[in-house]
Structure formats: C-alpha cells, structure tokens
Amino acid sequence: MAWSVLSRRNQFCAKIGLMKKIHLVFHDGGGGHRNAAVALQSIIVQQKREWDVELVQFQELTDRLDVLRKLTGIRIQQQYNILLQNGWTLGSTYLLRVLQATIHFFHKPLVRLLEKFWREHPADLLVSVIPHFNRQIFESWSSTYPGRPFVTLITDLADFPPHFWIEPIPEQFVIAGTEKAADQARALNHDGAHIFRASGMILRPDFYLPDNSEPSALRKEMSLRADLPTAIVLFGGHGSKVMFDITERLDAADLPLQLILICGRNEELAAKLRARQWKMPVCIIGFTKEVYKLMRAADFLIGKPGPGSIAEAMVRKLPVLIECNSWTLPQERYNAEWVTAKRVGIVLKSFRDVVEGVRQMLEPAALAEFRKNVAAQENRAIFEIPEILAKLLGESQSEPNPPMSAAVVADAG
C-alpha cells in the first residue's frame with residue numbers, strides 16, 4: 001500500500017517536472033492587462049494543457065525602480081488609473097513620451113533587475129501583455145535564456161509607435177488582434193514566422209458562455225422596465241466621472257431609454273449616482289465580474305473607446321456609442337477608426353453630443369444595420385492563442401477550438 005502511494009507520488013512529481021513553464025507578465029495600469037493574463041491562464045487550465053502558468057506582476061517586480069512612487073508615494077499604475085477615473089487625459093501623448101524617456105534612462109538597471117528574477121524563476125516561454133517595457137523584458141530574457149521564445153500579446157487594436165508594443169527586434173514574437181497591428185509589425189521588419197494574427201482581442205472565457213436568458217427577464221431583475229431600450233454604460237474597472245454627466249444629459253432629454261451604469265471600483269461615483277433622483281430608470285452597479293451577463297440585458301453600449309470594452313461588446317453582440325477626441329488616450333484613437341470602418345457603432349466628437357448619438361442609435365434602420373455588422377464579427381482569440389503558444393513550445397497542434405460550455409468555464413474558475 002505504502003509502495004503504491006509512493007509510486008503514484010513519484011509519477012506525479014515526474015509529470016510536474018516535465019511540464020512546460022510559462023511566465024505571463026502583466027500590470028494593473030487599467031484593467032485590460034490583468035484581464036488578458038487571467039483570461040489566458042484560465043483557458044489554459046480549462047483546456048487541461050500540461051503547462052505550469054505563473055502570473056508575474058511587473059510593477060511589484062520593479063517597484064524599487066519606480067521613480068514616481070518615490071516622489072509621490074503612488075505607483076505608476078495607480079497614477080494612470082487616477083487619470084482615467086477623473087478624465088485627466090488631455091496631453092496624455094506628452095506624458096506617455098516622458099514615461100518612455102524615463103524607461104530608457106533606467107534601461108540598464110531594469111534589465112539587470114529582470115535578469116536576476118529570470119535566473120531565480122526559470123521558464124520555457126515568456127509572454128508579455130504590457131506595453132512600454134518589451135525591449136527591457138526581451139533583452140533580460142534573451143541574455144538569461146538564449147533562444148527561448150518571448151511573445152508580446154498586444155491588447156490594443158493597434159500599436160502606438162515607437163517603443164509601445166512592438167520593438168524593432170526580429171526575435172520578438174507578436175500576437176496581433178487586427179490586420180493593422182500585424183502590418184505595424186511587418187513595418188518593423190518582423191517576418192511571417194514571428195507574427196501571429198489572432199481574430200481579435202483576448203477576453204475571459206465567460207464571455208463565450210452560451211446564454212439563452214431573456215433580456216426582458218434580466219431587466220426586471222434589475223428593477224428596470226422590460227420593454228424599454230437599454231444602454232449599458234461602461235468605462236472600465238475604475239469607472240469615470242463622465243458617466244454622471246452622460247446620465248444627466250440623457251435624463252433631461254426624456255428619451256425612451258434606461259441605463260445600466262457600471263461604476264467599477266469607483267465607489268464615490270456610485271454613491272453620487274445613487275444620491276440623485278432620476279426620471280429615467282437606472283440600475284447602478286459597483287465592481288462586478290459578471291459584465292458578460294449584464295450585457296445580455298442591453299441593446300447597445302456607451303463607453304470609452306477601450307479595446308477591452310469594444311471587444312466585449314462585439315462578442316456579446318452589442319453596437320457601441322463611443323467618443324474620440326484630443327482627450328482620448330493616443331493608443332485608443334485607432335479603435336474609433338475601427339468602429340467606423342466596421343460600421344458597428346457611432347463615434348462622437350464629445351459626449352456632450354450623447355443625446356443626439358443615442359437618438360441615431362435608436363433609429364430602427366440604423367440599429368438593425370449596426371446589429372448585423374456586429375454579428376459578422378467573429379473573435380476567437382481566446383482559443384487561438386494557446387495554439388500559438390503550443391507551436392512556440394514545439395508541441396503538436398491539438399484539436400481546433402472547441403465550443404464553450406458552462407461546465408468547462410466553471411472548471412476554469
């Protein structure tokens with residue numbers, strides 16, 4: 001009996017020793033980078049691949065080089081989220097270039113710090129889902145483990161060169177979710193063997209769960225009217241104060257409309273919205289991991305032109321109403337071009353025009369066309385990317401992307 005248990009334990013340890021190790025590097029500047037890393041880890045677990053996946057929080061790893069934290073007591077990623085919450089994004093291109101200059105100044109100590117970490121935490125494959133630092137990550141990784149693949153999974157619809165996502169480093173593997181991003185990699189002389197074209201942005205597996213629930217029933221559960229057109233208002237995991245202004249304008253317009261307002265971790269915004277008596281029906285929600293369910297109750301999305309929220313809306317078959325102007329983050333401006341080119345929604349110069357935008361969206365012919373174009377979007381990136389990683393690990397390609405089931409996603413956690 002004891003011999004049998006020992007034998008099984010030895011077999012288990014041997015299997016663990018043979019498992020491929022993958023590092024996924026992310027940070028919490030905005031929610032999209034963590035979401036991408038967690039989504040990839042989740043689908044790998046769900047597919048029962050024999051890979052040991054470790055999430056590496058880049059900011060924690062490099063804290064001692066965080067100059068802004070030394071000066072202000074606040075991490076770079078926290079300062080970024082404060083800017084988003086308050087809409088302080090005018091001039092963000094200049095701030096971005098200042099950040100890049102700072103990264104360049106600390107290039108050598110950053111590379112040395114990362115080299116030390118990689119030596120102490122070996123892996124077979126390194127995946128980055130963050131911008132700005134890919135040169136430093138690559139140089140430290142390749143000097144520690146020459147020949148082992150380094151992959152940058154772009155979580156924007158396009159790069160914002162120079163030195164944002166794609167570096168002029170031939171050995172950098174790039175996973176691009178749009179043809180625009182793939183073209184940008186080619187322009188930096190990446191060859192076909194180092195560019196992989198996914199069909200969209202990576203999203204959590206639960207966005208692909210089959211959902212036969214009735215929108216009218218979901219609305220009733222949220223104390224909304226079952227028969228009224230519904231917009232979900234979403235500005236990322238930290239919300240935005242512009243949501244209050246949008247709600248005020250729409251409430252005053254007396255449109256046949258109701259709102260689902262997702263405030264995320266912005267408790268101050270949620271409290272301010274709840275303190276107001278609105279004429280129109282509204283449902284105010286704080287942080288939630290069930291946006292995919294709430295989208296089922298909506299007819300369209302109002303939000304910032306972030307790649308994550310646009311991709312989520314496309315998978316959940318919702319047209320979008322977004323804004324693009326000089327306040328828009330530079331890396332997100334192409335997203336508005338994409339929405340216009342694909343005719344999957346309306347792009348406003350300013351949310352001051354949100355009432356007119358909603359009126360256009362609610363026109364039956366326009367809404368029908370938007371819905372048809374959204375339905376034509378087919379994003380299977382969450383299933384395609386593990387196959388790309390398997391290829392880079394030298395493993396044979398497995399079966400094509402299987403359909404999702406509720407049980408499978410639940411197992412993925």
Side-chain angles (χ1 to χ4, degrees), residues 20-27 33 36-37 40-41 44 49 51-56 58 61-62 65 100 103-198 201-202 331 381 384-397:
K20 297 292 179 67
K21 177 79 174 184
I22 299 175
H23 286 319
L24 294 181
V25 180
F26 74 100
H27 61 50
H33 308 292
L40 186 51
Q41 184 186 49
I44 288 169
R49 294 180 184 267
W51 299 344
D52 179 13
V53 180
E54 180 179 347
L55 301 186
V56 179
F58 187 80
L61 175 58
T62 59
L65 294 178
Q100 290 178 332
I103 294 168
H104 178 73
F105 182 80
F106 284 96
H107 177 85
K108 288 183 179 180
L110 185 54
V111 168
R112 287 195 298 269
L113 182 65
L114 292 171
E115 285 173 341
K116 181 176 184 296
F117 181 84
W118 306 139
R119 282 194 298 270
E120 295 171 355
H121 302 82
D124 300 285
L125 174 67
L126 178 61
V127 181
S128 164
V129 295
I130 64 173
H132 301 304
F133 296 94
N134 286 294
R135 175 177 287 278
Q136 290 74 28
I137 296 172
F138 170 78
E139 288 189 12
S140 62
W141 176 254
S142 62
S143 66
T144 308
Y145 301 112
R148 296 190 189 181
F150 166 66
V151 183
T152 297
L153 169 55
I154 301 175
T155 63
D156 284 306
L157 271 67
D159 193 14
F160 185 68
H163 307 302
F164 196 81
W165 284 105
I166 308 168
E167 294 286 352
I169 300 170
E171 297 85 358
Q172 179 190 26
F173 290 95
V174 173
I175 300 178
T178 64
E179 195 57 31
K180 170 77 170 182
D183 285 342
Q184 290 173 313
R186 295 184 192 104
L188 288 174
N189 296 320
H190 288 264
D191 60 29
H194 286 79
I195 302 171
F196 295 93
R197 174 74 162 85
M201 300 292 100
I202 188 169
Q331 68 269 27
E384 297 159 352
I385 291 169
E387 295 297 339
I388 294 170
L389 301 186
K391 181 177 180 180
L392 293 176
L393 288 168
E395 298 181 2
S396 59
Q397 192 156 347

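The figures here come from the full heavy-atom set of this structure, side chains too, leaving out hydrogens, waters and symmetry mates. Just so it is clear, the model here is predicted, and its values are computed rather than measured. Numbering of residues begins at 1 and proceeds along the displayed sequence.
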Which pairs, with at least one residue in residues 107-118 and sequence neighbours excluded, count as a salt bridge (Lys or Arg N to Asp or Glu O under 4.0 Å)?
->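 Checked against salt bridge (Lys or Arg N to Asp or Glu O under 4.0 Å) - neighbours excluded - the pairs reaching residues 107-118 are Lys116-Glu120.
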
Who passes ring pair (Phe, Tyr, Trp, His ring centres under 6.0 Å) against Trp51, sequence neighbours left out?
->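 Listed in chain order: nothing, the list is empty.
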
Looking only at non-hydrogen atoms, find the nearest pair between [X] and [Y] and report the distance.
X	Y	answer
Pro162	Gln100	O-NE2, 3.2 Å
Ile103	His132	CD1-CB, 3.6 Å
Pro149	Asp124	CD-O, 3.6 Å
Val111	Ser140	O-CB, 3.5 Å
Gln184	Pro161	NE2-CD, 4.0 Å
Ala182	Ala176	N-CB, 3.6 Å

Quick one: are [X] and [Y] in side-chain contact, heavy atoms under 4.5 Å?
X	Y	answer
Val151	Phe196	no
Arg49	Pro386	yes
Ile169	Phe150	no
Leu188	Glu167	no
Leu24	Val129	no
Trp118	Ile137	yes
Leu114	Phe58	yes
Pro122	His23	no

[X] side-chain N/O to [Y] backbone N/O, donor-acceptor pair under 3.5 Å:
X	Y	result
His33	Val25	no
Arg148	Ser142	no
Gln172	His190	no

Roughly how far apart are [X] [atom1] and [Y] [atom2], rounded to 0.5 Å?
X	Y	atom1	atom2	answer
Ile175	Arg197	CD1	CZ	12.5 Å
Trp141	Leu125	CH2	CG	7.0 Å
Asn134	Ile166	CG	CD1	9.5 Å
Leu40	Ile202	CG	CD1	4.5 Å
Thr62	Phe106	OG1	CZ	11.5 Å
Lys20	Leu392	NZ	CG	10.5 Å

Are [X] and [Y] ion-paired here, with the side-chain N under 4.0 Å from a carboxylate O?
X	Y	result
Asp183	Lys180	no
Glu139	Arg135	yes
Asp52	Lys21	yes

Please test Ile22 against Leu393 for side chain to side chain contact (heavy atoms under 4.5 Å, CB included), starting from the C-alpha separation and ending with a verdict.
-> CA-CA 10 Å; Ile22 299 175; Leu393 288 168; 4.0 Å; yes

Considering residues at least two apart in sequence or located in another chain, which fulfil the side-chain hydrogen bond (donor to acceptor under 3.5 Å, both in side chains) criterion with Asn189?
->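 With sequence neighbours excluded, Asn189 shows a side-chain hydrogen bond (donor to acceptor under 3.5 Å, both in side chains) to no residue whatsoever.
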
Donor on one side chain, acceptor on other, Gln136 and His107, under 3.5 Å |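 Yes, because at least one side-chain N or O of Gln136 sits under 3.5 Å from a partner of the opposite role on His107.
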
Does a donor on one side chain sit under 3.5 Å from an acceptor on the other, for Thr152 and Trp165?
->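 Thr152 vs Trp165: no donor-acceptor pair found between side chains.
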
